[in-house]
Amino acid sequence: MIFKRMFDAATKYLKEVIGELKKVSWTSRRELFLATLMVIILSFILSIFVGFFDFLFSGLLRLILR
């Protein structure tokens with residue numbers, strides 16, 4: 001009896017999940033590619049920015065502590 005209720009609940013849940021997934025507007029392959037490319041490029045630019053200021057501030061700190 002308890003297994004039947006659990007099975008019915010799991011079945012209902014999966015049907016609701018499938019129904020919700022049908023409502024999702026999925027991005028196209030091109031949109032996904034461009035968004036991924038933008039993230040990679042911005043991450044690279046940010047790493048250069050952070051690296052530059054790390055180099056600058058570590059040099060200044062070395063001069064101050066001398």
Side-chain angles (χ1 to χ4, degrees):
M1 182 71 126
I2 192 167
F3 293 114
K4 179 165 177 18
R5 276 190 273 154
M6 287 174 48
F7 182 74
D8 290 343
T11 303
K12 179 182 174 191
Y13 174 75
L14 288 175
K15 285 180 183 177
E16 290 175 0
V17 167
I18 291 170
E20 289 297 318
L21 284 175
K22 288 180 181 178
K23 296 177 188 177
V24 173
S25 63
W26 298 98
T27 59
S28 69
R29 177 172 261 194
R30 178 170 169 74
E31 288 173 329
L32 182 63
F33 174 77
L34 291 176
T36 304
L37 186 63
M38 185 177 295
V39 167
I40 291 170
I41 291 170
L42 289 176
S43 297
F44 182 73
I45 291 170
L46 183 63
S47 68
I48 290 173
F49 180 78
V50 169
F52 171 75
F53 280 103
D54 179 54
F55 179 76
L56 181 70
F57 289 135
S58 64
L60 287 174
L61 190 61
R62 236 182 279 120
L63 285 176
I64 291 172
L65 293 178
R66 261 192 197 169

ask   = Does the side chain to side chain contact (heavy atoms under 4.5 Å, CB included) test come out yes or no for Y13 and V17, once each step is laid out?
value = CA-CA 6 Å; Y13 174 75; V17 167; 3.6 Å; yes
In terms of hydrophobic clusters joined by side-chain contacts under 4.5 Å, are [X] and [Y] together?
{"X": "F49", "Y": "F52", "value": "yes"}
{"X": "L14", "Y": "V24", "value": "yes"}
{"X": "L34", "Y": "W26", "value": "no"}

Pairs flagged by salt bridge (Lys or Arg N to Asp or Glu O under 4.0 Å) wherever residues 18-30 is involved - sequence neighbours left out =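 Of all non-adjacent pairs touching residues 18-30, those that pass salt bridge (Lys or Arg N to Asp or Glu O under 4.0 Å) are E20-K23.
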Only distances under 3.5 Å count here; give the side-chain donor-acceptor pairs of residues 2-10 to other protein atoms, sequence neighbours excluded, each with its distance to 0.1 Å.
from	atom 1	to	atom 2	distance (Å)
K4	NZ	D8	OD2	3.3

Atom pair [atom1] ([X]) and [atom2] ([Y]), whose distance is rounded to the nearest 0.5 Å:
{"X": "L37", "Y": "L32", "atom1": "CG", "atom2": "CG", "answer": "11.0 Å"}
{"X": "S43", "Y": "I48", "atom1": "OG", "atom2": "CD1", "answer": "11.5 Å"}
{"X": "I40", "Y": "M38", "atom1": "CD1", "atom2": "CE", "answer": "11.5 Å"}

query = Is there a side chain to side chain contact (heavy atoms under 4.5 Å, CB included) between L60 and F55 once you walk through the steps?
reply = CA-CA 9 Å; L60 287 174; F55 179 76; over 6 Å; no
query = Taking only residues two or more places apart in sequence or in another chain, which ones pass side chain to side chain contact (heavy atoms under 4.5 Å, CB included) with S47?
reply =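 So S47 forms a side chain to side chain contact (heavy atoms under 4.5 Å, CB included) with F44.
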